[in-house]
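The structure appears right after this line, and notes come after that.
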Amino acid sequence: ILRPGTDMELSYADMIPALENTVPKLLVPAIPDFLRYGQQAQRLGYRQENELWQVHGLQHILRVLLLSLLYFHNSGDTLTEVDKQILVYFSLLHDLGRTTEDRDDGHGDASVRLIHDKGIRLKGIRLSQKDHRIAEQIIRFHCRDDQAGLDAIDSQPNLSRKEKERSKHLYQICKDMDGLDRIRFNGLDYRQLRTEYGRKLPLVAGCLLDEDLLQALRMGLENKQMRRLLDGN
């Protein structure tokens with residue numbers, strides 16, 4: 001209802017609806033990768049999100065992973081298999097060093113230190129040294145202002161101009177997929193998202209909040225046919 005004399009600014013938002021005939025189609029190509037990589041999240045030490053104030057635990061990691069895979073498989077973006085592995089690497093490890101639920105601009109650096117100190121290797125992730133550095137740079141700067149991350153990428157002497165542009169694009173995707181999960185506490189302004197497809201996903205991200213992804217992961221891995229599929233890849 002718009003009362004006479006009331007001013008409102010309305011704009012069209014092109015979002016994917018969270019409907020029974022849309023979300024499953026998005027999930028189908030992403031589920032095998034989600035099961036393959038998601039099972040590793042449980043071994044990284046993330047806490048269960050069993051209290052209202054705890055929002056950066058295991059379920060958050062799984063949602064960011066699934067959103068990243070939805071982007072890879074459905075966005076139409078020209079991403080490579082290596083790009084997907086960087087997205088997975090980021091999704092699983094970006095909050096490893098977070099120790100507080102408050103704003104923490106340094107937890108990206110802390111996460112990278114833990115990766116090195118613990119010698120963490122993710123099964124199925126085969127990145128070159130250069131791509132590892134790109135993935136870790138994204139983790140370092142995902143919790144800082146966009147420009148800080150973009151400037152850091154530009155300052156890398158061992159990357160070509162094309163590689164820097166690729167790195168910046170992956171940086172923006174990772175920040176969007178992490179940022180989409182802010183919808184869980186009404187902290188998302190979709191207009192601030194950086195990628196066109198990311199701005200289409202807020203309703204899908206919202207519907208993931210109603211799903212116990214950890215339980216879905218366990219059930220999927222108990223499925224013998226799915227286990228054979230994963231073992232064969």
Side-chain angles (χ1 to χ4, degrees), residues 30 32-49 54-73 79-144 146 148-149 152-153 156 159 166-182 184 194-195 198 205 208 213-214 217 221 230:
D33 281 330
F34 176 72
L35 297 178
R36 180 180 298 111
Y37 295 113
Q39 61 181 315
Q40 301 183 62
Q42 301 177 76
R43 299 194 289 268
L44 292 172
Y46 291 107
R47 296 178 297 174
Q48 292 280 2
E49 297 168 13
Q54 186 181 340
V55 294
H56 291 96
L58 183 55
Q59 292 281 355
H60 166 67
I61 295 302
L62 292 176
R63 286 192 296 269
V64 175
L65 173 63
L66 184 52
L67 286 166
S68 297
L69 292 170
L70 290 178
Y71 187 102
F72 177 81
H73 287 285
L79 299 175
T80 66
E81 179 66 22
V82 172
D83 294 335
K84 181 181 76 173
Q85 292 191 21
I86 290 176
L87 295 180
V88 170
Y89 191 91
F90 167 82
S91 299
L92 292 178
L93 300 175
H94 71 282
D95 276 350
L96 203 62
R98 179 181 272 279
T99 58
T100 175
E101 295 297 335
D102 300 324
R103 175 168 177 168
D104 179 4
D105 292 347
H107 77 267
D109 286 321
S111 296
V112 173
R113 284 197 300 272
L114 278 174
I115 292 170
H116 288 268
D117 291 346
K118 293 185 176 183
I120 293 175
R121 295 290 184 268
L122 297 176
K123 184 178 179 181
I125 299 297
R126 299 176 179 87
L127 297 173
S128 67
Q129 288 187 353
K130 180 178 290 187
D131 286 320
H132 257 119
R133 288 196 295 270
I134 290 172
E136 291 182 355
Q137 191 83 330
I138 293 172
I139 290 175
R140 288 184 188 278
F141 286 90
H142 83 276
C143 48
R144 304 187 197 177
D146 286 8
I153 292 170
Q156 292 297 305
L159 297 181
R166 168 186 173 241
S167 300
K168 290 178 183 179
H169 186 47
L170 291 171
Y171 174 65
Q172 291 173 323
I173 295 171
C174 289
K175 290 201 75 170
D176 275 6
M177 298 307 105
D178 187 30
L180 276 164
D181 199 43
R182 291 178 63 85
R184 65 196 182 280
R194 303 147 191 87
T195 61
L208 294 183
L213 294 185
L214 182 57
L217 181 63
L221 291 173
L230 297 180

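Starting from 1, each residue takes its place in the sequence as its number.
Looking at Asp83 and His169, their side chains never bring a donor and an acceptor atom within 3.5 Å of each other.
Panel note: side chain Lys175, backbone Arg144; a donor-acceptor pair is recorded below 3.5 Å. For Gln40 (side chain) and Lys123 (main-chain N/O), a donor-acceptor pair under 3.5 Å exists by modelled atom type. For Gln39 (side chain) and Arg36 (main-chain N/O), a donor-acceptor pair under 3.5 Å exists by modelled atom type. Using modelled atom types, no side-chain atom of His116 and backbone atom of Arg113 make a donor-acceptor pair closer than 3.5 Å.
Taken from NE2 in His142 to OG in Ser111, the straight-line distance is 6.5 Å, to the nearest 0.5 Å. Separating the CD1 atom in Ile86 from the OG atom in Ser68 is a distance of 12.0 Å, to the nearest 0.5 Å. Rounding to the nearest 0.5 Å gives a distance of 10.0 Å between CG of Leu69 and CG of Leu35. The NE2 atom of His107 sits 13.0 Å away from the CZ atom of Arg140 when rounded to the nearest 0.5 Å. To the nearest 0.5 Å, atom OG1 of residue Thr195 and atom CG of residue Asp176 are 3.5 Å apart. Atoms OH and CG, from Tyr71 and Leu87 in turn, are 8.5 Å apart once rounded to the nearest 0.5 Å.
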Check the pair Gln85, Thr80 against side-chain contact (heavy atoms from CB on, under 4.5 Å), reporting the backbone distance first and the verdict last.
CA-CA 9 Å; Gln85 292 191 21; Thr80 66; over 6 Å; no

Intermediate values then yes/no, side-chain contact (heavy atoms from CB on, under 4.5 Å), Leu62 and Phe34
CA-CA 8 Å; Leu62 292 176; Phe34 176 72; 4.2 Å; yes

So Arg63 and Asp178, salt bridge (Lys or Arg N to Asp or Glu O under 4.0 Å) or not? Walk me through it.
CA-CA 9 Å; Arg63 286 192 296 269; Asp178 187 30; over 6 Å; no

Go through Tyr46 and Asp95 one step at a time and tell me if the side-chain contact (heavy atoms from CB on, under 4.5 Å) criterion holds.
CA-CA 9 Å; Tyr46 291 107; Asp95 276 350; 4.0 Å; yes

Run Ile125 and Arg121 through side-chain contact (heavy atoms from CB on, under 4.5 Å) and show every step you take.
CA-CA 8 Å; Ile125 299 297; Arg121 295 290 184 268; over 6 Å; no

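Counting all heavy atoms, side chain and backbone alike, Ser167 lies closest to Ile134 at OG-CD1, 3.4 Å. Nearest heavy-atom pair, Gly97 versus Ala110, reported as atom, atom and distance to 0.1 Å: O-CB, 3.7 Å. Tyr171 approaches Phe141 most closely through the heavy-atom pair OH-O, 3.1 Å. When all heavy atoms are compared, the tightest approach of Gln42 to Leu217 is NE2-CD2, 3.7 Å. Smallest separation of non-hydrogen atoms from Ala30 and Leu66: CB-CD1, 4.4 Å.
Within the 4.5 Å cutoff, the side chain of Lys130 has heavy atoms near those of the Leu159 side chain. Residues Arg98 and His60 have side chains not in contact (no heavy-atom distance under 4.5 Å, counting atoms from C-beta outward). Within the 4.5 Å cutoff, side-chain heavy atoms of Val82 are placed close to those of Arg166.
For His132 and Tyr89, the ring centers sit closer than 6.0 Å to each other.
Salt bridge absent: Arg126 and Asp131 never bring a charged side-chain N and a carboxylate O closer than 4.0 Å. For the pair Lys84 and Glu81, the salt-bridge criterion is met [side-chain N within less than 4.0 Å of a carboxylate O].
Screening Ile115, Leu114, Leu92, Ile61 for a side-chain contact (heavy atoms from CB on, under 4.5 Å) with Leu44, the sole residue that qualifies is Leu92.
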